[in-house]
Number of protein chains: 2
Amino acid sequence: MKLTRRKLEIVATAAKLFRKKGYNAVSMRDLAQALEIKAASLYNHINSKQEILGIIILDVAENFTQHMNSVSPENISSIKKLESVIENHIQITIEKTDALACLNNDWMHLEKLDLENYLMMRNTYEAKMRNIIEQGIQQKELQERNIDLVLFSLLSTLRTLHLWYSKNKEVSPQLLFEEMKQNLLHGIIR
Amino acid sequence: MKLTRRKLEIVATAAKLFRKKGYNAVSMRDLAQALEIKAASLYNHINSKQEILGIIILDVAENFTQHMNSVSPENISSIKKLESVIENHIQITIEKTDALACLNNDWMHLEKLDLENYLMMRNTYEAKMRNIIEQGIQQKELQERNIDLVLFSLLSTLRTLHLWYSKNKEVSPQLLFEEMKQNLLHGIIR
DNA sequence: AATTTAAACTAACAATCGTTAGTTTTGTTA
DNA sequence: TAACAAAACTAACGATTGTTAGTTTAAATT
């Protein structure tokens, strides 16, 4: 089934609802009501509830993958790479807030091929980011630390930034980027 | 209905399942099967599925509240206070991993009084932690930054640390504490 | 050993779930 | 204007949901 304009409306509305209540707590009747149609009518446009979740999550995952591929082998410092990753997370946070929240909260409700693809992309992403950190330590740009814990510290904040952003939408992307770069890379102590 | 030994077993098993699949994706039949009894038998011990979620989450929330109250007005430096908060998060992460994950993922499925109580405690907790940061900036212990963003950066990592810990249980609490203190307070750049 | 209590069971309920079939309405093209 | 396609509708399905009622078994107490 093709990705028509109407189908994208349905997916966007679903992302909004999934984000607020979680995939399993949103019924097809809830989704239909939000679109002011009946539940059965949804199936003129989509194949299943599962398909909607897959579209939402894999689209975001591909955005992350694409950016990481573009920055990963570049011949620049680890810190510049990390800054680029941070910037990308912020951009996706701003542009695809709902879908990003879905990815974070409901990826485990993907099934079969969609779940496989997602996990594949996530593992690859984390491995490449881990390499950046490792390289940074070897080149003495970063402090000697537990690599996996550094990786987690960065990602945990970047992944859930949408929680902060949705309550602080007035802040400019530039300022957000500068502050996050400081917090994550330089810490908070004077 | 009193909190008997059996009831605590049910709650602990539920926390494990809720953590893996989410509150709404776990049926009472799933929970019963994990305990090797029939679903109806659960109701000899508990009043409702909702009650289980409330017990899991409010217990953890009270732990956080209690510790924050004990450290909040103390006459010590902001940094020492923050270190104590970090330490407490790590301890709860280790000791109540499943329940902490439930709190993070499923608090929005609490209802009525439980939801009110949880939100009340969370708001108070965040306000007190915000005060610690504000005080730290005023006393020149911390850098001048967006307070709310600093607060979020710290909490986002601390709250989801269970995701890292459940895959790295071999690390000692002391080492984990030292590394997290470094990452969160001093940053990662050399 | 008799009695009481705790904790399991079977059976079933009303409600809700995702989804399908078939039909009607709406809007566009020939 | 007639024909066609897109997108809504009504009605209903089988499965699953949380929960209740009533019963039986096991354990503890008298």
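Proteins come first, then strands; the chains are lettered A, B, ... in the order of their sequence lines, and each starts at number 1. The figures that follow rest on heavy atoms only: side chains count, while hydrogens, waters and symmetry mates do not.
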| So does A/Arg145 pair up with A/Glu134, basic N to acidic O under 4.0 Å? | no

Pair up each side-chain donor or acceptor in residues 89-96 of chain B with any protein partner under 3.5 Å, not counting sequence neighbours, and list the distances.
unit_1, atom_1, unit_2, atom_2, d
B/His89, NE2, B/Tyr125, OH, 2.9
B/Gln91, NE2, B/Glu95, OE2, 3.4
B/Thr93, OG1, B/His89, O, 2.7
B/Lys96, NZ, B/Asp59, OD2, 2.7

| Does a side-chain N-to-carboxylate-O contact under 4.0 Å join B/Lys81 and B/Glu87? | no

For residues 117-124 of chain B, tabulate all N or O donor-acceptor pairs below 3.5 Å that involve a side-chain atom, not counting sequence neighbours.
unit_1, atom_1, unit_2, atom_2, d
B/Asn123, ND2, B/Leu119, O, 3.3
B/Thr124, OG1, B/Met120, O, 2.9

| query | Does atom CD of A/Glu74 have more than 12 heavy-atom neighbours, drawn from other residues, nucleotides or ligands, at distances under 6.0 Å? | reply | yes

| remark: Here the distance between atom P of C/dG18 and atom CG of A/Leu17, to the nearest Å, is 12 Å

| query | Reading DNA chain D 5' to 3', which nucleotide is the first, and which the last, to come under 4.0 Å of any heavy atom in chain A? | reply | D/dA7 to D/dA12

| How would you label the contact of B/Ser48 with the nucleic acid (heavy atoms, under 4.0 Å): base, sugar-phosphate, or nothing? | sugar-phosphate

| request: Measure from CG on A/Leu31 to P on C/dC17 and round the result to the nearest Å. | output: 12 Å

| said: Connecting only ILVMFWY residues whose side-chain heavy atoms lie within less than 4.5 Å of each other, what is the rest of A/Leu8's hydrophobic cluster? | reply: A/Leu3

| query | What pairs with A/Lys49 under side chain to side chain contact (heavy atoms under 4.5 Å, CB included), at least two apart in sequence or on another chain? | reply | A/Phe18, A/Tyr23, A/Met28

| note | Whole-Å distance, B/Met28 CE to C/dA12 P, equals 21 Å

| message | Contact list please: residues 34-45 of chain B against DNA chain D, heavy atoms, distance less than 4.0 Å, in numerical order. | response | B/Ala40, B/Tyr43

| Charged N to carboxylate O below 4.0 Å: is that the case for A/Lys16 and A/Asp98? | no

| field | First encountered from the 5' end of DNA chain C, between A/Asn24 and B/Arg29 | value | B/Arg29

